[in-house]
Amino acid sequence: MSAWHAELAWLGPGRGVAERVLVEVEGERIARVTEGADPPAGAERLAGITVPGLANGHSHAFHRALRGRTHRGGGDFWSWRELMYQVAGALDPDRYLELASATYAEMALAGITAVGEFHYLHHDPAGRPYADPNQMGEALVEAAGRAGVRLTLIDTCYLRAGLDGQLLAGAQVRFGDGDAGAWAERAGAIRERAGLRVAAGVHSVRAVDPAAMATVAAWAEARQAPLHLHLSEQRAENQACLAATGRTPAALASSAGVLGPRTTAVHATHLTGTDVALLGATRTGVCLCPTTERDLADGIGPARSLADAGSPLCLGSDSHAVIDLFEEARAVELDERLASERRGHHRPDDLLGAATKAGMTALGWDAGHLAPGQLADLVTLDLSSVRLAGARPDEAVDQLVFAASAADVSSVVVSGRQVVRDRHHLLVGDVGAALDRAISALGPR
Ligand SMILES: [Zn+2]
């Protein structure tokens with residue numbers, strides 16, 4: 001049993017900010033939450049405002065090595081992808097362990113307590129399985145353990161180079177299992193354990209044909225596991241899908257049984273009105289990654305329309321151009337302001353809910369509220385920082401969403417264990433040095 005006493009705490013969407021909140025924890029879960037309480041002897045004091053753990057719904061850990069190296073030039077998603085493939089080609093299980101450990105530690109410092117890793121870098125650079133066919137996935141599991149965050153390993157099926165059925169080539173041969181049956185067998189061999197959920201991924205309608213998509217969906221259904229897919233990030237994907245199948249990617253995914261309440265569509269940027277209605281009616285979640293989408297000049301997704309149609313929204317830092325879920329949260333609103341020339345599309349409470357509860361649900365975790373029975377994730381922000389100074393309790397959520405940064409996170413508790421204290425990572429120590437070592441090890445590019 002441990003006890004945490006928060007000066008202020010946001011209890012979850014629609015539940016407001018309370019003062020002097022005592023959170024009692026048994027094992028990894030919250031046992032009791034008491035508002036207006038005095039701190040009992042032995043309680044850990046959390047100065048500032050405490051919120052539930054942030055969920056990073058979509059990550060490619062190795063993209064962290066591209067930060068600062070791809071922004072200067074021109075081009076688009078497709079030219080950026082060539083650079084990304086160069087990094088992918090340089091990774092082996094040991095290097096990936098170091099890079100992912102440091103990247104997940106950066107996430108912990110930013111208040112992220114669970115990450116969904118969209119993992120398709122399965123095999124060696126020649127496309128041959130490692131001695132343990134899940135060695136790369138296990139490196140990610142170990143990395144999350146070192147960084148002290150929970151991992152949803154979204155083991156992703158990736159079978160072909162395009163809708164015309166072209167075979168995987170070059171860097172892509174690492175991604176492929178040959179067919180969906182082989183994917184299912186390999187992914188099914190990963191054992192869930194404390195802090196790890198195994199989920200299913202369909203890379204995209206480009207990379208997985210409808211019959212294979214159906215196999216992946218059935219695998220996820222049998223396990224009641226989350227299922228994630230990239231959807232309509234690029235107009236070119238829509239055009240190719242329409243040309244090859246006569247359907248939009250959303251309609252094609254739907255016809256293969258991929259949509260539904262355990263499914264999360266990542267990006268969902270270029271949708272038709274019918275696509276929006278289809279995602280909403282099936283309660284398919286949508287993971288928006290605005291800092292990546294703007295970095296790659298993808299476009300602005302119809303977030304308000306999706307939420308109105310019935311799709312829960314969550315957030316991901318995806319390519320890790322930055323790792324800051326407060327920045328992702330406000331970007332959802334601010335991008336729609338720029339596109340519509342109107343303010344007030346999303347309530348701050350709902351945006352913080354996307355960063356917490358909705359993301360945890362998309363990743364398969366009982367977390368995201370400060371409430372009994374939930375995993376005990378407590379993220380505390382320093383209200384004396386220059387960005388947050390002057391915040392009053394009744395406006396604190398607005399100020400968090402529109403002005404906080406990852407640098408304001410001072411303490412992080414994950415499943416009842418403190419991982420960050422006084423902005424210091426208690427397990428990794430110097431996270432900057434760890435990132436520098438891991439990225440330098442990939443060699444000059
Ligand atoms: Zn992605």
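Position 1 is the first residue of the sequence, and the numbers go up from there. Whatever order the structure lists them in is the order used to number ligands and atoms, beginning at 1.
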For this session: May I have the step-by-step check of side-chain hydrogen bond (donor to acceptor under 3.5 Å, both in side chains) for His123 and Asp177, ending in yes or no?
Result: CA-CA 8 Å; His123 305 302; Asp177 287 300; 2.8 Å; yes
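- Pairs engaging residues 213-226 under the side-chain hydrogen bond (donor to acceptor under 3.5 Å, both in side chains) rule: Glu221-Arg262 [sequence neighbours left out].
- Under the ring pair (Phe, Tyr, Trp, His ring centres under 6.0 Å) test applied with Phe118, the options His228, His63, His230 reduce to a single match, His230.
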Problem set entry | CA sep, side-chain torsions, deciding dist, call: Asp295, Trp80, side-chain hydrogen bond (donor to acceptor under 3.5 Å, both in side chains) | CA-CA 10 Å; Asp295 185 59; Trp80 168 85; 5.1 Å; no
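- Each protein N, O or S atom less than 2.8 Å from the Zn ion (ligand 1) was counted, giving 3.
- With sequence neighbours excluded, no residue satisfies salt bridge (Lys or Arg N to Asp or Glu O under 4.0 Å) with Asp132.
- Contacts of Arg423 classified as salt bridge (Lys or Arg N to Asp or Glu O under 4.0 Å), with partners at least two apart in sequence or in another chain: Asp382.
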